[in-house]
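Here the structure is laid out as structure tokens; the discussion comes afterwards.
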Amino acid sequence: MVRVGVLAVQGDFTEHSHALERVGIEAVEIRLPEQLSDVDGLIIPGGESTTIVQLIDIYKFRDSLKVKADDGFPIWGTCAGMIVMASELIDKRPEPLKLMDIIVNRNAFGRQVDSFEADIKVDGMADGPFRAVFIRAPIVVKVGVNVEIISKIDNGNVVAVRQGNLLATAFHPELTDDSRMHLLFAKMIEDST
Ligand code: GLN
């Protein structure tokens, strides 16, 4: 059984832990880089990406996450977590960790549709559409050759991508009671070990 770390510096990490535990996956809240060696993969949650990146640097996660990501350690970023994992942002801030070969636009849906829900199809996910919750969500505007687009919404915006051991979603699967995205990540971890 896999043990999944949830980066617990800011944002909705508790909801991720609950979503994992609901389907019997052990969740470990990660507050220091040393703890990364105790888990098989890591979720970077939604929240405020500028604050998350600031805390990542204060607690000295940046270098270890980059080394681990390059080394095949599974990491999944949701919403702000996707922003954190990007190689480049349209915004000047924050300075992303450059884990994945994606260019991301923060707050891509503007003020008038800050938040919305949509039924999306995710490649590799069985049993019908997934109800995705978007809250001041980013989108992926450009992907590198090794990046697989696994979900788009109706207007064509890319909202989920995978690059080997790395996964990023613009929406918040931890805010619904459908844990299929968490199971998909657990499967990625299992396949990588
Ligand atoms: N808009 C937020 C940011 O840029 C992300 C929102 C979220 O994680 N729900 O950090």
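In each ligand, atom 1 is the first atom listed, and ligand 1 is the first ligand listed. Positions are given from 1 along the sequence.
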Please check this pair: side chain of [X] against backbone of [Y], looking for a donor-acceptor N/O pair closer than 3.5 Å.
X      : Y      : result
Ser179 : Ala19  : yes
Arg180 : Asp127 : yes
Arg136 : Ala108 : no

Point to revise | By salt bridge (Lys or Arg N to Asp or Glu O under 4.0 Å) - contacts of Lys66 (at least two apart) | key: Asp70
Practice item. Would you mind reporting whether Thr14 and His18 have side-chain heavy atoms less than 4.5 Å apart? Key: yes
Review point. Is it true that Ile43 and Ile56 fall in one hydrophobic cluster, defined by side-chain heavy atoms closer than 4.5 Å?
Key: no
Could you give the N/O to N/O pairs under 3.5 Å linking ligand 1 and the protein, each with its distance?
residue	atom	partner	partner atom	Å
ligand 1	1 (N)	Asn107	OD1	2.5
ligand 1	1 (N)	Arg136	O	2.9
ligand 1	4 (O)	Ser49	OG	3.3
ligand 1	4 (O)	Arg106	NE	2.8
ligand 1	4 (O)	Arg106	NH2	2.9
ligand 1	8 (O)	Gly47	N	2.9
ligand 1	8 (O)	Gly47	O	3.1
ligand 1	8 (O)	Ala80	N	3.1
ligand 1	9 (N)	Ile135	O	3.0
ligand 1	9 (N)	His172	NE2	2.8
ligand 1	10 (O)	Ser49	N	2.5
ligand 1	10 (O)	Ser49	OG	2.8

